[in-house]
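Step one of this worksheet: look at the structure below.
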Amino acid sequence: MDNHEKILQEVRQALSELRQEEKAAGQEALGRLQELRVKYLGKKGEITQMMKQMGTLPKEERPSFGQKVNSLRQKVEEAFEQRKSELEERIKEKKLAAERIDVTLEKPEAGMGGVHPLTKVYRQVRGIFEGMGFQVVEGPEIEFDKYNFEMLNIPKDHPARDMQDTFYVTDDIVLRTHTSPVQIRTMLGHQPPIRVICPGRVYRTDDVDATHSPVFNQIEGLVIDKGITFADLKGTINTFLRQLYGEQTKTKFRPGFFPFTEPSAEVDATCSLCGGKGCPACKGAGMVEVLGCGMVNPKVLENCGLDPEVYSGYAFGLGLDRLTNIKYGITDIRLLYESDVRFLRQFR
Ligand code: FA5
């Protein structure tokens, strides 16, 4: 094998070795390639040196020697050019792959939400009453003074108004203080038999503390028909509370006062947390007040155009927020409105 063939093979060998190295480092391989190029084709490179030898040869050998060296130089140059463009292509591909943005990549899964404890208890309460044949009706949160107070037998100068002070939009329009005005709207709009519950937000100028909020939720109940008695009221409330808090739940009907019911009662139920033994949630009493109720005052029936000699009925109003707190042993009503997921996550 002559010297030229040897050089060509050497170059090819070096370039092929470079291919292995280049797998690890693209840019470095390009540097190595340049070094090799200098080694053979640079000013002091082996092939350039060979050209310089030409002067030392006899005249007649020079053309063929020159041709051979030129052809070698061309082949080596081609080999280098080919490797260089291959290498540059590889570097470009690598770079593109590294910088690739996969637009099809899925974003991390959003956490699953859960039902708020107030909504959970509302759905449960609603389910229990629907099971007893009640329909759900709603009324506006901005209400006529007439429906919120006057037709419920709470005239302008009545002391009961002090207990339920609110925001007056005008002299005649208020933010409703309870869901009881929906009783009036229902009786004005429907003939008995009536059997409804009315859920909704209500407003009072109460200071915020562990058991009070200026905005809270009530569920009103109203039943009007012929021959409805206090026994029906008791039976319905007892059934409701036992379904909500458990069969072992005991109830206590204490005399109470509401201008729109007569007689009236406040109802206590066994504390569902301690089962009646007494705990911080029930302040040691073993029982907690859960709702107000009574027989619809004949005056209210008359205000709505119903004859109290023909019809009678009962009504009740429960505070959903407190009902929820008792059910889950939540000791501060504010937790229900703060939207703190660390708190809410427990109720999933
Ligand atoms: C009433 O609002 C009557 N309308 C209930 C009623 C309806 C009686 C029908 C008879 C017939 P009272 O003011 O007691 O009643 O409120 C009812 C319930 O709302 C209370 O038992 C309590 O659970 C809840 N509540 C009252 N004030 C607040 C408050 N500031 N924050 C949270 N819950 C409250």
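Keep in mind it's a predicted model, so treat the numbers as computed, not measured. For the numbers below, each heavy atom of this structure counts, side chains included, while hydrogens, waters and symmetry mates do not. Numbering of ligands and ligand atoms starts at 1, following listing order.
- For His178 and Phe216, the gap between ring centers reaches or exceeds 6.0 Å.
- Between Phe144 and Phe149, the distance from one ring center to the other does not fall under 6.0 angstrom.
- Hydrophobic clustering of Ile, Leu, Val, Met, Phe, Trp and Tyr side chains at less than 4.5 Å, counting indirect connections, keeps Ile7 apart from Val38.
- Within 4.0 Å of ligand 1, heavy atoms belong to protein residues Gln164, His178, Ser180, Gln183, Arg204, Asp206, Thr211, His212, Ser213, Phe216, Gln218, Glu220, Phe258, Phe260, Thr261, Glu289, Gly292, Cys293, Ala315, Phe316, Gly317, Gly319, Arg322, Ile333.
- Residue pairs meeting the side-chain hydrogen bond (donor to acceptor under 3.5 Å, both in side chains) criterion with at least one member in residues 38-53, sequence neighbours excluded: Glu10-Tyr40.
- Salt-bridge check for Lys92 with Glu88: failed, with every basic side-chain N at 4.0 Å or more from each acidic carboxylate O.
- Within the cation-pi definition used here (under 6.0 Å to the ring centroid, within 45° of the axis), Lys234 qualifies as a partner of Phe253.
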